[in-house]
Protein chains: 2
Amino acid sequence: MSAADATILLVDDHSVVREGYRSVLQKQPGLRVIAEAADGAEAYRLYKSEAPDLVIMDLSMPGIGGIEAVRRIRQWDKSARILVFTMHENAGFAVQAIRAGARGYVTKTSPPETLVRAVMDVLAGKIAISPDIDHELALSRLAGESSAADVLTPREFEVLRLLLAENTTEEIAETLHVSPKTVANLHSLIKDKLGVGSDIELVRLALRQGILTEVDLGEA
Amino acid sequence: MSAADATILLVDDHSVVREGYRSVLQKQPGLRVIAEAADGAEAYRLYKSEAPDLVIMDLSMPGIGGIEAVRRIRQWDKSARILVFTMHENAGFAVQAIRAGARGYVTKTSPPETLVRAVMDVLAGKIAISPDIDHELALSRLAGESSAADVLTPREFEVLRLLLAENTTEEIAETLHVSPKTVANLHSLIKDKLGVGSDIELVRLALRQGILTEVDLGEA
DNA sequence: CGATCGCCGGGAAAATTTCACGACGGTGCA
DNA sequence: TGCACCGTCGTGAAATTTTCCCGGCGATCG
């Protein structure tokens, strides 16, 4: 491990999976894994104390998720290099991750070579997107699926989040201090803007776009 | 690798993750990974040709999912030993997996020792459940959450699946060759039986119970 | 200043959900 | 055999919700 080795921080809540990253990266000369984190908060702490050249970050994690961790790390170090490595094969997550400041997005279905290649690219200052996500992004463009975060106003987005999280229209109206009628109107407007006909479709869209994750659903 | 080594088939659609299993299991004497599969169909083929002593199986995979793969393998070999190793920490999936014939259920958040221990237990003929899932199962018992598959009649369950998968009531009525009114009635009855007030809650419940997985949502 | 946009809600029509009810076939049981 | 029960399907009417159209208010922009 020469002084020129690139240092890496691994972030994934599954220890056996981190073991896999390690194994793959060890075979590559010039890379050195110096730390591992199991959630976003720990990742942030370790980034500050270890100052790695690169972070490989999973998205779905307990507590602070990967997207938020990316945001925080980038806020602390504007030049941080973060490669997102996740199971989510939908374009919505990729867009969110890149906007949050990630320099790459690779899915876990990719072969090890793709991961290694992406690591090298990001270290070289390039943006790395795995081929399947490139394709997804192209498709979502073609399908013209409106990304919720873009087409919705802040208030509408807030209502959407509450609709997915809370239960009744009345409860949401109360927490927002507005009339139930307004919530109902917004609810309808949101479905219209997103081009969905039913609440079930709405939830599906939200999941696809990463507004809601499967783990979010469980805890409520 | 002595002749007494226990042979193992790894099934996971993420190659880097399989690498992790390998790495962990290799450190354990007496175990030998003889094959890897990336989806349920391949797992079934390889089980038949390789006849491993144990299968370590992920659940969420493209095409034939893990549950179905467990079912098929067990159908072909009633004494197959399958350990499910997955990210899903909800009791619903565990119940489904065990009913399908799995001999163990361990979550990926578990430390490597737990996985190794479970492998040994299953090989010894025991049923292995990781502590977090034990806890989840206990909770779901206490909460008395009615499991959809139990409380719903076959027809109702079918309608529920279609509600989550298809779009409009009319489409479902057509595929089922019944009146849209009947579907609406069933829809209402289902929500009543499951104790949910809105469609959004319905989707959430379905996700918790593993009737629907996040990947299912994406492809429709 | 006029135009636009986000936000809030009322009113009324339109659609949906819910409820009560009946019919039919199958099953189990005395 | 008769009876009660359950699952499935459907109708009609009431209750509720969704949707559409409307106006008002404040902020922003050219």
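The chains referred to below are lettered A, B, ... by the order of the sequence lines, with proteins before strands, and numbering in each begins at 1. The structure displayed is predicted, hence computed values, not measured ones.
Distance Arg155(B) CZ to dG10(D) P: 9 Å, rounded to the nearest Å. Note: CG (Leu186(A)) to C1' (dT18(D)) measures 14 Å, nearest angstrom. Here dG11(C) presents its C1' atom at 7 Å from NZ of Lys181(A), a figure rounded to the nearest Å. Between Ile190(B) atom CD1 and dT17(C) atom P there is a gap of 12 Å when expressed in whole angstrom units. Distance, Lys191(A) NZ to dT18(D) P: 7 Å, rounded to whole Å. Look at NE2 on His187(A): it is 10 Å from C1' on dT17(D), rounded to the nearest Å. One interatomic measurement links the two molecules: CG of Leu189(A) to P of dC20(D), which rounds to 10 Å at whole-angstrom precision. Protein atom NZ of Lys193(B) is 11 Å distant from nucleotide atom C1' of dT8(D), rounded to whole Å.
Under the 3.5 Å distance criterion, the side-chain polar atoms of Arg81(A) are left unmatched by any main-chain donor or acceptor of Leu54(A). Proximity of a side-chain donor or acceptor of Asp199(B) to a complementary backbone N or O of Ile200(A) within less than 3.5 Å is not detected.
In this pair, His88(A) and Phe93(A) present their aromatic rings parallel. The plane angle is below 30°, not in the 30 to 60° band.
Each of dC7(C), dG10(D), dT19(D) was ranked by its minimum atom distance to the side chain of Ser179(B); first place goes to dG10(D). In the set dT17(C), dG9(C), dT19(D), the nucleotide with an atom closest to the side chain of Val178(A) is dG9(C).
In this structure, Asp13(B) does not pair ionically with Lys108(A), as no charged nitrogen and carboxylate oxygen lie closer than 4.0 Å.
Atom CD of Gln75(A) has 12 or fewer neighbouring heavy atoms from other residues, nucleotides or ligands inside a 6.0 Å radius.
An angle of 30°, rounded to 10°, separates the two end axes of the helix from dC1(C)-dG30(D) to dA30(C)-dT1(D), each defined over five pairs.
At a threshold of 4.0 angstrom between heavy atoms, the contacts of Thr182(B) include nucleobase atoms, whether or not backbone atoms are also involved. Base contact: Asn185(A) has a heavy atom under 4.0 Å from a base atom.
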Practice task
Dump the intermediate steps for salt bridge (charged side-chain N to carboxylate O under 4.0 Å, His left out) on Glu158(A) and Arg161(A), then the final yes or no.
Solution key: CA-CA 5 Å; Glu158(A) 171 77 0; Arg161(A) 275 200 324 112; 3.2 Å; yes
Practice task
Give the intermediate values and the outcome of salt bridge (charged side-chain N to carboxylate O under 4.0 Å, His left out) for residues Arg45(A) and Glu42(A).
Solution key: CA-CA 5 Å; Arg45(A) 272 201 309 281; Glu42(A) 195 182 352; 5.1 Å; no
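Along DNA chain D, the nucleotide nearest to Leu176(B) and the one nearest to Asp199(A) differ in position, and the one closer to the 5' end is contacted by Leu176(B).
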